[in-house]
Amino acid sequence: MHLNILVTAGDGIGPEVTGEAVSVLKEIAVQGGHDFSFTEKRIGGVAIVLDGTPLPKDTLDAALASDAVLLGAVGGNEFNALPPDKRPEAGLLQIRAALGGFANLRPAFAFKELAVNSPLRPEIVDGADILFVRELLGGLYFGQPRAWDKAKNTAFNTMVYTRAEVARVARIAFQLAQKRRRKLTSVDKANVLEVSQLWRATVNEVAKEFPDVTVEHQYVDAMAMHLMNQPRNYDVVLTENLFGDILSDESAVITGSLGMLPSATIGGKVNLYEPVHGSAPDIAGRGLANPLGAILTGALILRYSGGLEAEAAAIEASVRKVLEQGFRTPDLARGNKEGLTVLSTKDMGAKVRGTVKEQLLAVSS
Ligand code: NAD
């Protein structure tokens with residue numbers, strides 16, 4: 001399999017963590033006989049300094065010509081005084097819009113070894129494995145009209161969806177559920193909002209194309225509670241932009257650390273893959289960053305852009321294995337460190353890389 005991957009490492013810990021993700025992907029290529037090529041381009045603060053814009057044209061052109069984009073993180077304190085459209089984060093919003101992905105996938109899963117880092121009790125989170133599918137281009141964040149009328153002391157936004165926008169993201173969520181435990185929970189507020197009534201009716205229509213997937217509907221307020229009480233009850237959770245933003249962040253507590261979380265945005269011209277965390281300027285350049293979120297993001301590239309399920313599963317199993325062996329980056333080793341070995345970003349990457357071959361054999365046999 002040939003994959004042409006554009007790496008836009010960005011700022012802060014972005015280059016450190018994407019460097020480890022790329023090294024693990026290169027090991028997969030060697031072990032699995034694949035041909036992955038990597039091109040590096042600038043985005044964010046580093047591009048503002050060197051190119052005068054947070055998203056240079058050659059970065060965007062390379063992104064559109066690639067099979068997948070791996071983005072590290074953007075942002076830095078030195079850019080905080082700039083207006084919003086000139087800041088590093090503007091580059092991120094521009095590339096997301098240009099690539100056009102409308103389905104944001106965020107897995108939230110519990111690693112037994114990290115249960116101590118979660119504020120939830122181990123018996124509640126253990127075994128939780130949820131895939132959030134959040135609609136990313138519609139709803140309240142983009143709806144028109146929107147305004148803050150300061151003279152009238154009034155502000156408003158519009159939550160709007162078309163049937164087509166709901167159907168396309170629902171179809172992706174159902175297809176993903178078919179490859180998992182065949183359960184889909186659609187989250188809305190249909191007891192109050194017309195836009196949610198359209199959402200629910202459309203999800204029910206699309207559900208007829210997927211009779212092997214069980215569908216349930218939850219109101220978002222109840223879902224916020226159920227996710228913390230019984231996270232193991234959920235498989236694929238489909239929801240609109242605002243609700244998905246809130247619920248997927250809430251569910252980060254299941255994993256126990258921001259540094260562990262991968263994401264993928266699919267359905268557009270080219271899929272965009274990013275660890276969920278930001279550029280973490282407080283720890284940048286010191287070898288303290290946890291690269292596992294970026295490495296798990298690499299697994300999503302293989303799954304969703306390469307169709308390489310065994311290879312993606314091998315990376316995930318390798319991460320599990322190094323955690324089982326007691327290896328941790330500093331963010332995962334707060335409190336009692338007994339039996340744990342604390343590693344730098346590079347050494348953690350090397351541990352995962354060194355485990356991939358054995359795990360690839362295990363998942364393929
Ligand atoms: P952040 O995610 O960068 O950091 C929050 C906290 O988590 C910090 O204490 C940081 O040290 C820690 N952390 C984050 N990732 C880690 C990792 N991999 N390993 C260990 N610890 C980790 O969020 P923030 O502090 O709110 O934002 C910092 C900058 O990042 C800002 O400029 C913000 O705009 C930007 N940001 C970018 C993205 C993105 O590029 N997708 C997302 C969020 C924030």
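Being a predicted model, the structure only gives us computed values, none of them experimental. Counting convention: from 1, in listed order, for ligands and their atoms alike.
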Hey, what polar pairs (N/O, under 3.5 Å) does ligand 1 make with protein?
residue  : atom   : partner : partner atom : Å
ligand 1 : 2 (O)  : Gly278  : N            : 2.7
ligand 1 : 3 (O)  : Ser279  : N            : 3.3
ligand 1 : 3 (O)  : Ala280  : N            : 2.8
ligand 1 : 9 (O)  : Asp282  : OD2          : 3.0
ligand 1 : 11 (O) : Asp282  : OD1          : 2.9
ligand 1 : 11 (O) : Asp282  : OD2          : 3.0
ligand 1 : 18 (N) : His277  : NE2          : 3.4
ligand 1 : 18 (N) : Asn290  : O            : 3.0
ligand 1 : 19 (N) : Asn290  : N            : 2.8
ligand 1 : 30 (O) : Ser279  : N            : 3.1
ligand 1 : 30 (O) : Ser279  : OG           : 3.1
ligand 1 : 32 (O) : Glu89   : OE2          : 3.1
ligand 1 : 34 (O) : Glu89   : OE2          : 2.4
ligand 1 : 40 (O) : Val74   : N            : 2.9

Distance in Å, His34 NE2 paired with Glu311 CD, rounded so as to fall on 0.5 Å steps: 3.5 Å
Look at Glu274 together with Arg96 and state whether they make a salt bridge at an N to O cut-off of under 4.0 Å. yes
Taking atom CD of Glu40 as the centre, does the number of heavy atoms from other residues, nucleotides or ligands within less than 6.0 Å exceed 12? no
Should we say atom NZ of Lys183 is surrounded by more than 12 heavy atoms from elsewhere, each under 6.0 Å from it? yes
SB check Lys179 Glu309 (cutoff 4.0 Å): no
Answer yes or no: is there an ion pair linking Asp347 with Arg353, defined by an N-O contact shorter than 4.0 Å? no
